[in-house]
Amino acid sequence: MAKKLFLKTLGCAMNVRDSEHMIAELNRIERYDLTQDESEADLIIINTCSVREKPVNKLFSEIGQFVKHKKKSAKIGVCGCTASHLGEEILKRAPEVSFVLGARNISKITQAVNSEKFLGINIDHDESEYAFGEFRQNLYKAYINISIGCDKKCAFCIVPHTRGDEISIPHDIILNEAMKATKNGAKEIFLLGQNVNNYGKRLSGGRKGELNFSQLLSQISKIDEVERIRFTSPHPLHMDDEFLEVFASNPKICKSMHMPLQSGSTNILKAMKRGYTKEWFLKRAEKLRQMSPNVAISTDIIVGFPGESEKDFEDTMSVMEEVRFEQIFSFKYSARPLTAAAQMTNVVDDETASLRLQRLQNRHMSMLDEMSSKYLDKTFEVYFEELRDNGMAAGRTSQNFTVCVAGSEELLGKMKNVKITRPQRLVLYGQIV
Ligand code: SAH
Ligand code: F3S
């Protein structure tokens, strides 16, 4: 009989893909069916994120809840970035946890599950050419890893310490994955990495890749069945002209660009070790809008980084005014262990950081109102991916705007033209035309 697996995934798209890989690996040996009910599971896995402090703090209370509700024989495992950096501490503080598997050690999942106790947190472990089993939760949109780890070491970021050095995956593996996914019905390929546009600089064993990121995008677009290509996250520093040119001119590449700003102040960017200035970022964004007039730009912003003055924050606000980002993911700075910024003493007090975050978010909301009202009566091509409550189906435009229409399963995996009848800040409602 099949076993039951309860798998909770936190964090980014890379974690979503890691979870799919774990499910595929487990199913190679024996069948595991997914369940939403932890009390009937034979195996409970939490795939954790450690980018900010909050979810890490919640981990142990969450494990406590699972221990309370689980079947007596069920095993609990903690995987992902928090597993990488807390490692043995998890096994000590929560003796009910039987394995801890870091983000770069996913291929060891079967071994971990079949051990009494298992700790696999080696961040030098190289899975860049490992042939993971097949499993996708979403058949319409296929996540494909193109690199693991990150070399950038931004001062605030724990990721290089949990996912290790950056290694690109050979392009033939990526192209093969894309072909397999399209055979199974995916029209959209979503490339994943911490720093995607640095692709190809180093493969396993230090070899240089044969293709750079722009060339990889072109190759993927040559697969007939691929209709849309997305990627995350690119780094603003590597947005050279060749990349912007390929992005603008290739009709299969979705016109949605993530440009993680982090801060609009050149001083703070320097302290963050981001490698670009305010002016440089603004010029790249301007060039991008010039070359791709219908692009939507999204960004990540951190407020309250150590040393951020009122003037620095105003710089961030002014970049937001100038670029008019269509989407912003904004965060209060959270000091993370192992990072350079955690040693900085010029901290911004929590109240100031909260007020700045609120100001930024309020202003962006009003910008969104102005922007979204312009989409009334416009028609977009929408790729439908999921069902929502109350008889709605949701999909995305090339610019990554969410569009909802009345509809059901028959729309999933289809591309339709939709005229917007009720634009809201985060969702555009419309009708198929
Ligand atoms: N490689 C990705 C970043 C992954 S982390 C990139 O370059 O975009 C995702 C986002 O979380 C970051 O862009 C940053 O805005 C935010 N973040 C990372 N560390 C943080 C911290 N210590 N405090 C607050 N936000 C943080
Ligand atoms: Fe983190 Fe900077 Fe890499 S944000 S993931 S160190 S590009």
Side-chain angles (χ1 to χ4, degrees), residues 7-25 45-52 55-56 59 77-85 100-109 120-138 141-154 156-170 173-174 177-178 181 186 188-204 213 216 220 229-235 238 256 258 260 298 300 329 331 336 400:
L7 174 53
K8 177 165 183 180
T9 306
L10 302 166
C12 62
M14 275 146 265
N15 263 12
V16 173
R17 186 63 185 141
D18 286 347
S19 287
E20 290 180 338
H21 278 153
M22 286 193 276
I23 295 168
E25 289 299 296
I45 297 179
I46 316 171
N47 192 5
T48 58
C49 172
S50 59
V51 161
R52 281 167 293 275
V56 178
L59 176 66
V78 177
C79 303
C81 285
T82 305
S84 287
H85 88 95
V100 169
L101 208 55
R104 247 178 123 121
N105 295 260
I106 295 304
S107 62
K108 301 174 191 160
I109 182 77
I121 54 169
N122 177 5
I123 62 163
D124 295 324
H125 185 64
D126 181 355
E127 296 183 330
S128 62
E129 297 183 21
Y130 182 81
F132 282 102
E134 278 295 305
F135 179 81
R136 294 194 174 279
Q137 263 177 317
N138 187 331
K141 169 166 78 181
Y143 285 135
I144 298 179
N145 291 342
I146 68 164
S147 60
I148 59 177
C150 183
D151 279 349
K152 280 277 182 286
K153 305 215 173 23
C154 301
F156 52 81
C157 184
I158 196 173
V159 171
H161 309 278
T162 62
R163 289 186 176 267
D165 290 345
E166 189 172 313
I167 303 180
S168 298
I169 293 171
I173 296 182
I174 298 167
E177 282 277 302
E188 181 174 312
I189 298 298
F190 204 131
L191 305 176
L192 300 179
Q194 295 297 341
N195 190 10
V196 283
N197 49 344
N198 196 37
Y199 176 80
K201 298 275 159 59
R202 187 171 70 235
L203 305 190
S204 183
F213 187 57
L216 179 71
I220 292 173
I229 304 172
R230 295 188 195 278
F231 50 84
T232 203
S233 280
H235 194 292
H238 303 299
S256 144
H258 191 56
S298 58
D300 291 345
F329 302 93
F331 314 99
R336 308 304 298 121
N400 209 23

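At least one side-chain heavy atom of S107 sits less than 4.5 Å from a side-chain heavy atom of H125. The shortest side-chain heavy-atom distance between L10 and N47 does not fall under the 4.5 Å cut-off. Between H85 and R336, the closest side-chain pair of non-hydrogen atoms falls below 4.5 Å. Residues V196 and H238 form no side-chain contact, since every pair of their non-hydrogen atoms from C-beta on lies 4.5 Å or further apart. Between I45 and I109, some side-chain heavy-atom pair lies under the 4.5 Å cut-off.
In this structure a side-chain-to-backbone donor-acceptor pair under 3.5 Å is missing from N145 to L192.
A distance of 11.5 Å separates CG of L59 from SG of C49, quoted to the nearest 0.5 Å. Going from atom CD of E166 over to atom OG of S128 covers 11.5 Å, rounded to the nearest 0.5 Å. The OH atom of Y130 lies 11.0 Å from the CD1 atom of I106; values are rounded to the nearest 0.5 Å. T48 contributes atom OG1, which lies 10.5 Å from atom CG of L101 (distance to the nearest 0.5 angstrom). Here the OH-CG distance, from Y199 to L191, works out to 9.5 Å after rounding to the nearest 0.5 Å. Note: C12 SG to R163 CZ = 5.5 Å, rounded to the nearest 0.5 Å.
Ring geometry for H21 against F132 counts as parallel: the plane angle stays under 30°, on a 0 to 90° scale with 60° as the upper cut.
Nearest heavy-atom pair, M14 versus T232, reported as atom, atom and distance to 0.1 Å: CE-O, 4.3 Å. Scanning all heavy atoms of the two residues, the minimum distance from S168 to G200 falls at OG-N, 2.9 Å. In this structure, D124 and R104 approach most closely via the heavy-atom pair C-NE, 4.3 Å. For the pair I189 and I220, the tightest heavy-atom approach, listed with the atom from each and the gap, is CG2-CG2, 4.4 Å. Among all heavy-atom pairs drawn from A103 and S84, the shortest one is N-OG, 3.1 Å. In this structure, Q137 and E20 approach most closely via the heavy-atom pair N-OE2, 2.9 Å.
A salt bridge links R17 with E177: at least one charged nitrogen is closer than 4.0 Å to a carboxylate oxygen.
Checked by atom type, the side-chain pair N138/K141 shows no donor-acceptor distance below 3.5 Å.
D151 pairs in a side chain to side chain donor-acceptor pair (under 3.5 Å) with only one of the listed residues (K201, Q194, R202), which is R202.
For D126, there are no salt bridge (charged side-chain N to carboxylate O under 4.0 Å, His left out) partners at least two apart in sequence or on another chain.
Proximity of the aromatic rings of F331 and F329 is defined here by a centroid distance below 6.0 angstrom, and this criterion is not met.
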